[in-house]
Amino acid sequence: MAVSSAPGKVYLFGEHAVVYGEPAVPCAIERRARVSVERRTDEHLRVEADDLSIDGFTVEYGGPTDGEPDVAVPEPLISAAMGYVDGAIDQVREVAGVEDVGFDVAIESDIPLGAGLGSSAAVVVAAIDAAARELGIELERTELADRAYRTEHAVQDGQASRADTFCSATGGAVRVEGDDCRSIDAPELPLVIGFDGGAGDTGTLVAGVRELRAEHGFAADTVAAIGDLVREGETTLREGDLEALGELMDFNHGLLSALGVSSRSLDRMVWAARDAGALGAKLTGAGGGGCIVALDPTDATETALSFTPGCEDTFRAELAEEGVKRLE
Ligand code: MEV
């Protein structure tokens, strides 16, 4: 058996715009998905997951062509989760040059599913790493990130950037612009997360922005403005100016809101953080529901969020210096 873990992430800036070649800066956080993989004697794939913020499910199936798994949890979440695992295993079959190898895969994750903290990227990165090692292959981090990206790209109908998967594979703070992915230095960031208990469908949200951008010049300008903001944010990050960073996060949230990817509960949590004195707050990831990230060195934001109607969980997030970890 091989076991790997990979971290989730928050976006300091740049989600959505990164899909159109603008830069983005995500940071890996110490919330992880842990994937155990054991080779089977047949070619089937069995996936067990108890902790993806949905009721536990166990599915055995021969691949996507065998129809939808029969489970009593929201269908889009299951299909997405299964699609990511299936795609990850296909990457490993390709790299190993064996079509008919089967696996038992067990997933444990403390990253809520579809909530903007990079749960799918973490599962895909850890699954590819563990399954490849189960077949005796150690992938370089860059190849791991690339294969994980190809998986997300396929599952999200060709609408994924390299940001989530690169960040999860390498850890730390990263800068992604098109195919150019690199690690960058970041000061200690007092990150606070608020989670509304919900999830957004990344594919649908990305498609919505794509349509807006194609239809209206001002929506395309909004996407370009996010790119400008990220370029300024990179300098601010290098200088370690947390106040200026917070202002840019607030602005970034406004632009994402204009693109229609915020929600009432995300806005409520953002405003609760700002009212509590956070230096800045924004939604993180695809949006539609899920998480916000705020910058606050004091306890005030966490306390305020814990009393905010619609906020189900709040916690401080530490930067994950290490990306994928090989545990067994
Ligand atoms: C989702 O976590 C981030 C998006 O920018 C999509 C992507 O980059 O693939 C919305």
Side-chain angles (χ1 to χ4, degrees), residues 6-29 31 33 52-53 76-77 80-81 83-84 87 109 111-125 145-170 173-181 193 195 198-213 219 222-227 229-230 233 249 252-253 255-263 266 282-293 317:
K9 57 103 231 309
V10 292
Y11 273 88
L12 279 186
F13 326 104
E15 55 272 87
H16 283 288
V18 69
V19 175
Y20 309 98
E22 299 291 351
V25 179
C27 293
I29 59 167
R31 285 248 153 174
L52 292 169
S53 287
L77 283 182
Y84 287 117
S109 174
I111 313 168
L113 195 67
L117 298 184
S119 55
S120 56
V123 167
V124 169
V125 165
D146 184 54
R147 291 201 169 266
Y149 160 68
R150 288 195 233 163
T151 307
E152 281 217 329
H153 194 261
V155 178
Q156 289 169 206
D157 291 330
Q159 307 187 101
S161 74
R162 292 181 179 273
D164 290 25
T165 38
F166 183 78
C167 186
S168 191
T170 60
V174 307
R175 178 193 196 273
V176 173
E177 184 171 4
D179 290 340
D180 179 32
C181 305
I193 309 294
F195 174 38
D201 180 339
T202 302
T204 308
L205 289 152
V206 172
V209 173
R210 184 178 294 277
E211 269 168 40
L212 270 183
R213 191 172 166 269
T222 306
V223 169
I226 294 178
L229 183 152
V230 178
M249 287 168 71
N252 197 164
H253 181 77
L255 295 173
L256 288 166
S257 221
L259 291 172
V261 297
S262 191
S263 71
L266 292 174
K282 62 181 279 294
L283 69 83
T284 172
C291 291
I292 65 143
V293 55

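Start at 1 and go down the list; that is how both ligands and their atoms are numbered.
- When atom types are taken as modelled, the side chain of His253 and the backbone of Leu283 share a donor-acceptor pair closer than 3.5 angstrom.
- In this structure, CZ in Arg210 is found 13.0 Å from CG in Leu259, a value given to the nearest 0.5 Å.
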Q: Check step by step if salt bridge (Lys or Arg N to Asp or Glu O under 4.0 Å) holds for Arg162 and Glu177.
A: CA-CA 8 Å; Arg162 292 181 179 273; Glu177 184 171 4; over 6 Å; no

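- Close approach of ligand 1 to Ala160 is summarised as follows: ligand atoms under 4.0 Å from at least one heavy atom of the residue are 9 (O).
- Taking every heavy atom of both residues into account, Leu266 and Gly288 meet most closely at CD1-N, 3.8 Å.
- Interface atoms of ligand 1 facing Val18, defined by a heavy-atom separation under 4.0 Å, are 5 (O), 8 (O).
- Using modelled atom types, no side-chain atom of His16 and backbone atom of Val209 make a donor-acceptor pair closer than 3.5 Å.
- Between the side chain of Glu152 and the backbone N or O of Ala121 there is at least one donor-acceptor pair closer than 3.5 Å.
- Less than 4.0 angstrom separates some heavy atom of His16 from each of these atoms of ligand 1: 4 (C), 5 (O), 10 (C).
- Heavy atoms of Ala163 found under 4.0 angstrom from ligand 1: none, in either backbone or side chain.
- Contacts of His153 with ligand 1, taken as heavy-atom pairs under 4.0 Å, are absent altogether.
- The protein heavy atom nearest to atom 9 (O) of ligand 1 is Ser161 N, 2.8 Å.
- Among protein heavy atoms, atom 6 (C) of ligand 1 sits closest to Val19 CG2, 3.8 Å.
- Atom CG of Leu256 sits about 11.0 Å away from atom OH of Tyr11, to the nearest 0.5 Å.
- Side-chain atoms of Asp164 and Tyr149 form no donor-acceptor pair, as typed in the model, at a separation below 3.5 Å.
- Those atoms of ligand 1 with a heavy atom of Glu15 less than 4.0 angstrom away are 5 (O).
- Of all protein heavy atoms, the one lying nearest to atom 2 (O) of ligand 1 is Asp164 OD2, 2.7 Å.
- Looking from atom 3 (C) of ligand 1 to the surrounding protein, the closest heavy atom is Tyr11 OH, 3.6 Å.
- Of all atoms in ligand 1, listed by their number and element, those nearer than 4.0 Å to a heavy atom of Lys9 are 2 (O).
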